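Working notes, structure below.
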Amino acid sequence: MIRPSSVLDRVLVLEMVRVTEAAAIAASTLVGRGDEKAADHAAVEAMRAALNELPMDGTVVIGEGERDEAPMLFIGEKVGSAQGSGPAIDIALDPLEGTTITAKAGPNALAVLAIAEQGCLLNAPDVYMDKLAVGPGYPDGVIDLAKTPTDNIRSIAAAKGVEPHEIIACVLDRPRHAPIIAELRALGCGIVLIPDGDVAGVIAVTDPDTTVDVYMGQGGAPEGVLAAAALRCVGGQIQGRLVFRNDDERARAARWGIEDLDRIYTLEEMAKGDCIFAATGVTDGSLLQGVKRHQDYHTTESIVMRASSGTVRRIYGEHRGG
């Protein structure tokens, strides 16, 4: 059982939704306009302004990048209106998960945020991460990132009581995943290929309506921590291993205190204790509906989860006057 955090009790769950709503609404004005940077900038500015209205002493541990790369919401940035006096909160965020999706008006773009007590979220550098995730209901150890995709599919199928070819996997549609895709197809698995948005891809394993059993492949490490926070709230398993492509990335890891570059991180090591996860749809997707703009108002759909209670709330909002 996950202990409720008195620190998080002082930051209302619904306040987190207001933050992701603000970012999603700002980004929605640029859906389909072909400008990734403008959409991301709009979401970042809106999320930052909303966070700074909250009575907390927040620190961004997963953000838009390091300070010299990101003028706002950089890793280490302090947010909140109660610096030094409010509850100390670590924040993982992606104001616009799916910038290319948004620019092209594709599916599954989200504004995403997770919070936890100080020290409870992995301070992952902005590098790639190998990820493997399943939803709730499986025995511990059903997945193992050190094993092959074939081994993992057979383990999941055995735990589910089905044949390997009945398992459906979600994989980012990237050339680097050609070996994984070939191995899965050799087993006869169904594959849901997504163009972007691997936070939504991981969360899909928690929703039976998506029919996705497992997420596997390589994506952003920050997104891996966000997805781990969501799985922390609703159950499931995830493992991640940081991927370093050059000496600069290895040096970046050293600056964040990462010594074992080959370590496989478990869910508990990426997100521990009580967590709150919130996401608002920017464009329509498998998880959430996107922002809908009407003549004098617009609507949003959000999801907010909390680990200590296991509560999942879906929130429909109508926003007028802006």
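Values below: all heavy atoms of this structure, side chains included; hydrogens, waters and symmetry mates excluded. Only a predicted model underlies this, so the values are computations on that prediction, with no experimental measurement involved.
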Could you tell me the separation between the OG1 atom of Thr299 and the CZ atom of Arg320, rounded to the nearest 0.5 Å? 10.0 Å
Could you pull out every donor-acceptor pair under 3.5 Å between side chains of residues 184-198 and any protein atom, sequence neighbours left out?
| unit_1 | atom_1 | unit_2 | atom_2 | d |
| --- | --- | --- | --- | --- |
| Asp196 | OD1 | Arg174 | NH2 | 2.6 |
| Asp198 | OD2 | Lys131 | NZ | 2.4 |

Given side chains that start at C-beta, do those of Pro95 and Leu73 come closer than 4.5 Å, heavy atoms only? yes
Would Leu287 end up clustered with Val212 when hydrophobic side chains under 4.5 Å apart are linked, directly or stepwise? no
Under a 3.5 Å cutoff, is there a donor and acceptor pairing between the side chains of Thr148 and Asp151? yes
Rounded at 0.5 Å granularity, tell me how far CG in Leu242 sits from CD1 in Ile258. 5.0 Å
Is there side-chain contact between Leu51 and Glu53, with at least one heavy-atom pair below 4.5 Å? no
Ala116 and Leu121: which non-hydrogen atoms are nearest, and at how many Å? CB-CG, 3.9 Å
Can you confirm whether Glu117 sits close enough to Ile89 that some side-chain heavy atom of one is under 4.5 Å from a side-chain heavy atom of the other? no
Starting from Val291, can I reach Leu288 by hopping between I/L/V/M/F/W/Y residues whose side chains sit under 4.5 Å apart? no
Please report the shortest heavy-atom distance between Ala221 and Pro125, naming the atom on each side. CB-O, 3.6 Å
Would you call Ile115 and Cys275 a side-chain contact if the rule is heavy atoms closer than 4.5 Å? no
Would you say that more than 12 heavy atoms from the other residues, nucleotides or ligands in this model lie under 6.0 Å from the CZ of Arg313, or not? no
Identify the heavy atoms of Val142 and Ser155 that sit nearest to each other, and give their distance. O-OG, 2.7 Å
Scanning both residues in full, the closest heavy-atom pair of Tyr138 with Ala159 reads CD2-CB, 3.7 Å
Is a donor from one side chain sitting under 3.5 angstrom from an acceptor on the other, for Thr300 and His319? yes
Verdict with supporting geometry, Glu36 and Thr100, side-chain hydrogen bond (donor to acceptor under 3.5 Å, both in side chains): CA-CA 6 Å; Glu36 298 179 20; Thr100 302; 3.0 Å; yes
Could you tell me whether Glu318 atom CD has more than 12 heavy atoms of other residues or ligands within 6.0 Å of it? yes
Working to the nearest 0.5 angstrom, can you tell me the gap between Glu21 CD and Ile25 CD1? 6.0 Å
Could you check if a side-chain atom of Leu14 sits within less than 4.5 angstrom of a side-chain atom of Ile315, using non-hydrogen atoms only? yes
Between Met216 and Leu145, is there a side-chain heavy-atom distance shorter than 4.5 Å? no
NE2 of His298 to OG of Ser28: how many Å apart, nearest 0.5 Å? 6.5 Å
Can you sort out the partners of Arg250 under side chain to side chain donor-acceptor pair (under 3.5 Å), two or more places apart, ordered by chain and number? Asp247
Does a side chain donor of either Thr150 or Glu183 reach within less than 3.5 Å of an acceptor in the other side chain? yes
Please name the residue in the list Leu122, Leu231, Leu226 that meets the side chain to side chain contact (heavy atoms under 4.5 Å, CB included) test with Met270. Leu122
Is Asn52 reaching over with its side chain to a backbone N or O of Val79, donor-acceptor style, under 3.5 angstrom? no
For Ala105, what residues pass the side-chain contact (heavy atoms from CB on, under 4.5 Å) criterion, not counting sequence neighbours? Val31
Go through Val234 and Phe277 one step at a time and tell me if the side chain to side chain contact (heavy atoms under 4.5 Å, CB included) criterion holds. CA-CA 10 Å; Val234 296; Phe277 174 90; over 6 Å; no
Does Asp144 offer a backbone N or O that forms a donor-acceptor pair with the side chain of Asn152 under 3.5 Å? yes
Co-members of the apolar cluster containing Val243 [side chain, <4.5 Å]: Tyr128
Determine, step by step, whether Val112 and Leu93 satisfy the side chain to side chain contact (heavy atoms under 4.5 Å, CB included) criterion, reporting the C-alpha distance in whole Å, the side-chain angles of both residues, the deciding distance to 0.1 Å, and the verdict. CA-CA 6 Å; Val112 185; Leu93 52 84; over 6 Å; no
With distance as the sole criterion, is a donor-acceptor pair present between the side chains of Asp130 and Gln218 under 3.5 Å? yes
Does some side-chain heavy atom of Met47 sit less than 4.5 Å from a side-chain heavy atom of Leu96? no
Give a yes or no on whether a salt bridge exists between Arg245 and Glu249, defined as a side-chain N under 4.0 angstrom from a carboxylate O. yes
So, taking the atom named CD1 in Ile180 and the one named NE2 in His177, what distance separates them when rounded to the nearest 0.5 Å? 5.0 Å
Could you tell me whether Asp262 and Arg241 make a salt bridge, using a distance below 4.0 angstrom between a side-chain N and a carboxylate O? no
For Ala24 against Thr280, the heavy-atom pair lying closest together: CB-CG2, 3.5 Å
When rounded to the nearest 0.5 angstrom, what is the spacing between OG1 in Thr266 and NZ in Lys272? 10.0 Å
Show me, pair by pair, the donor-acceptor contacts under 3.5 angstrom made by side chains of residues 160-167, not counting sequence neighbours?
| unit_1 | atom_1 | unit_2 | atom_2 | d |
| --- | --- | --- | --- | --- |
| Lys160 | NZ | Asp213 | OD1 | 2.6 |
| Glu166 | OE2 | Glu163 | N | 3.0 |

According to a 4.5 Å side-chain heavy-atom criterion applied to Ile, Leu, Val, Met, Phe, Trp and Tyr, with indirect links allowed, do Val312 and Ile276 form part of one hydrophobic cluster? no
How would you list, by chain and number, every residue that makes a side chain to side chain donor-acceptor pair (under 3.5 Å) with Asp173, sequence neighbours excluded? none
Could you go through the side chain to side chain contact (heavy atoms under 4.5 Å, CB included) check for Val60 and Phe74 one step at a time? CA-CA 7 Å; Val60 176; Phe74 54 85; over 6 Å; no
Kindly say whether Thr59 contributes a backbone atom to a donor-acceptor pair with the side chain of Glu77 at under 3.5 angstrom? no
Val202, Leu172: one ILVMFWY side-chain cluster at the under-4.5 Å cut-off? yes
May I ask you to decide whether Glu269 forms a salt bridge with Arg263, counting only side-chain N to carboxylate O separations under 4.0 Å? yes
Salt bridge check: are Glu301 and Lys292 linked by an N-O gap of less than 4.0 Å? no
Taking the basic N atoms (NZ, or NE/NH1/NH2) and the acidic carboxylate oxygens, is any pair closer than 4.0 Å for Arg48 and Glu45? no
Same hydrophobic cluster for Val127 and Ile62, using side-chain heavy-atom links shorter than 4.5 Å among ILVMFWY? yes
Under the criterion side chain to side chain contact (heavy atoms under 4.5 Å, CB included), I'd like the reasoning laid out for Ile75 against Asn123: C-alpha separation, chi angles, the key distance, then a yes or no. CA-CA 9 Å; Ile75 298 170; Asn123 196 348; 3.9 Å; yes
Is there side-chain contact between Arg314 and Ser302, with heavy atoms separated by less than 4.5 Å? no
For Asn108 and Ala200, indicate whether the former's side chain and the latter's backbone hold a donor-acceptor pair under 3.5 Å. no
Is a donor on one side and an acceptor on the other found under 3.5 Å between the side chain of Asp57 and the backbone of Ser85? no
Do any N or O atoms from the side chain of Ser81 and from the backbone of Leu54 form a donor-acceptor pair under 3.5 angstrom? yes
Output yes when a side-chain donor or acceptor of Arg232 lies under 3.5 Å from a complementary backbone atom of Gly273, and no otherwise. yes
Quick check: closest heavy atoms across Val225 and Ala124, and the distance to 0.1 Å? CG2-CB, 4.0 Å
